[in-house]
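Working notes, beginning with the structure itself.
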Amino acid sequence: MFLVARRAIRPDEEICLDYLVNNEGGDSWKCDCQATRCRGMTGESFFDLPLDVQREYLPILAPWFKKRFATEIGTLEAG
């Protein structure tokens, strides 16, 4: 597993990550991280994300995830 920083991170800066990137399913739980883009719930899989966020995250998806969900990813890329 690896994380991708989408911008420079200062040494003293707290970072947040989206638990749904490369997530193929599981539990959902309430989130109160107070990040600007926090949705309040984690969701159960990548495909629970709003479509615009799914498309935004396409470039950072892991190759294994893209392969496993090739049909769904193809639809997102087309659309």
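The environment of CD in Glu13 is crowded: more than 12 heavy-atom neighbours from other residues, nucleotides or ligands sit within 6.0 Å. The environment of Asp27 atom CG is sparse: at most 12 non-hydrogen atoms of other residues, nucleotides or ligands sit within 6.0 angstrom.
Of all non-hydrogen atoms in Gly25 and Asn23, the two that sit nearest each other are N-OD1, 2.8 Å. Nearest heavy-atom pair, Arg55 versus Gly79, reported as atom, atom and distance to 0.1 Å: NH2-C, 3.4 Å.
Atom-to-atom distance recorded for Ile60:CD1 and Arg6:CZ is 5.5 Å, nearest 0.5 angstrom. With rounding to the nearest 0.5 Å, the separation of OH in Tyr57 from CG in Leu76 is 13.5 Å. The structure places CG of Leu20 at 7.5 Å from OG of Ser28, a figure rounded to the nearest 0.5 Å. Rounded to the nearest 0.5 Å, atoms OG (Ser45) and CD (Gln54) are 8.0 Å apart. With values rounded to the nearest 0.5 angstrom, Phe46 atom CZ is found 5.5 Å from Leu58 atom CG. A distance of 9.5 Å separates CG in Asn22 from NZ in Lys66, rounded to the nearest 0.5 Å.
Between Val21 and Phe65, every side-chain heavy-atom pair lies at or beyond the 4.5 Å cut-off. In this structure the side chain of Leu49 never reaches within 4.5 angstrom of the side chain of Glu56, judged on heavy atoms. Looking only at side-chain heavy atoms (C-beta outward), Asp48 and Met41 stay at 4.5 Å or farther from each other.
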side-chain contact (heavy atoms from CB on, under 4.5 Å) evaluation trace for Arg37 with Asp18: CA-CA 10 Å; Arg37 294 177 62 173; Asp18 196 323; over 6 Å; no
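By the rule that hydrophobic residues join a cluster once side-chain heavy atoms approach within less than 4.5 Å of another member, Leu17 and Ile9 end up as members of separate clusters.
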